[in-house]
Amino acid sequence: MDGTATRRTPAAGDHLRALYAEMRPHSLHPLWEVLSALVTPAPRSAARPHRWPYAPARDFLLRAGALISAEQAERRVLILENPALPGSSAVVPSLYAGLQLILPGEVAPCHRHTQCALRFVLEGEGAYTAVDGEKAVMRPFDLVLTPNWQWHDHGNPSDRPMIWLDGLDIPTVRFYEASFAERLERPSHDETLAPGDSLRRYGRNLRPMRGTAADRRPPGQPLFHYPHAEWRESLLALAAAEAPDPHLGHAMEFVNPADGGPVMPTIAAHLRHLPAGFETAPRRSTDGTVFVVVEGSGTALVEGEEHPLEERDLLVVPSWHALRLRARTRLILFAYSDRAAQEKLGLFREQRLPA
Ligand code: 1HN
């Protein structure tokens, strides 16, 4: 398709190019020159695989912490920008990732926006995210959600820095041109519920019966805290009970208890467990995915290229890049991706490749 028309005769080619030049100021362009790049037979991601080792990123973040407060910054975050998407603030074309630092005594002021967010704790203990005035007190490797348009502020009453990974759908919301945001006039939301209330109400396969005015959280999104201690126990129980899937290892998805679906409308999150010495067969999928190493060490092979994996390292694997994981010790990974949005749009595909 590319340029075939213009190659038929030199004269016709010249006429076509002259026509394009005449049309351009009218914002009209020939589809036949770009069709094959627009409608590709398989995804061609603009992003590239990349690993951020934790230690240097942490050092830069702590240096920023000495120079700007969380309140001044509103959010003191280093963006993990895909090296192939400069200026985009995107880790893959649809998603954002950042590392956030809250120092002892600091508050990140209360706001809300149409972007939805997850936090995955990397370091520290005792800081909280308050969602609509209910605190989730966080420990390493807890998952905390701030669904779209819910008020949220963070605070660190502990005596150590707290660092977490932020995952948001910022580029998706930007694509739809649907960003709204507002700040609360006070730094912190008034406490509306005791810390941990929604985890106790909705995190145990129970819910208050309706008609009792006891449903305090939005009905479609009742749970926002998935503690490491709980998810790890489930993942290890699965690992003890059955053989690993050849392409995934042991894998578990975080679900929204209201509907059994992904944790947020645009973002899905899941876990992997690989026994020591296990290597997966290659698999590719259309969801651009950010991985965090929670436990152990090993190697990720992305389209055959090796990326070492150590605790707290971050790795991005763009759409349709074949991934194999190799565990040196027992390897546990957290991951989030745009699979939730893609499933709704009928776009999600995965392919299991032979070892
Ligand atoms: C945000 O609200 C947070 O609440 C973190 O911690 C990062 C990046 C862009 C837009 C909003 C937070 C963010 C953000």
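Read the numbers this way: they start at 1 and go in the same order the structure lists the ligands and their atoms.
- Among residue pairs with one or both ends in residues 298-307, none qualify as side-chain hydrogen bond (donor to acceptor under 3.5 Å, both in side chains); sequence neighbours excluded.
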Any protein N/O atoms within less than 3.5 Å of an N/O atom in ligand 1? List the atom names and distances, or say none.
residue: ligand 1; atom: 2 (O); partner: His111; partner atom: NE2; Å: 2.6
residue: ligand 1; atom: 2 (O); partner: His113; partner atom: NE2; Å: 2.7
residue: ligand 1; atom: 2 (O); partner: His152; partner atom: NE2; Å: 3.3
residue: ligand 1; atom: 4 (O); partner: Arg75; partner atom: NE; Å: 2.8
residue: ligand 1; atom: 4 (O); partner: Arg75; partner atom: NH2; Å: 3.3
residue: ligand 1; atom: 4 (O); partner: His111; partner atom: NE2; Å: 3.4
residue: ligand 1; atom: 4 (O); partner: Arg119; partner atom: NH2; Å: 3.1
residue: ligand 1; atom: 4 (O); partner: His152; partner atom: NE2; Å: 2.9
residue: ligand 1; atom: 4 (O); partner: His154; partner atom: NE2; Å: 3.3
residue: ligand 1; atom: 6 (O); partner: Arg75; partner atom: NE; Å: 2.9
residue: ligand 1; atom: 6 (O); partner: Gln100; partner atom: NE2; Å: 2.9
residue: ligand 1; atom: 6 (O); partner: Arg119; partner atom: NH1; Å: 3.0
residue: ligand 1; atom: 6 (O); partner: His154; partner atom: NE2; Å: 2.5

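- Residue pairs meeting the side-chain hydrogen bond (donor to acceptor under 3.5 Å, both in side chains) criterion with at least one member in residues 39-48, sequence neighbours excluded, do not occur.
- A side-chain donor from one of Arg352 and His247 sits under 3.5 Å from a side-chain acceptor of the other.
- Using modelled atom types and a 3.5 Å distance limit, the side chains of Ser179 and Gln115 yield a donor-acceptor pair.
- Not a single side chain to side chain donor-acceptor pair (under 3.5 Å) links Ser88 to another residue, sequence neighbours left out.
- For the 3.5 Å distance criterion, the side chains of Glu134 and Ser198 qualify, holding a donor opposite an acceptor.
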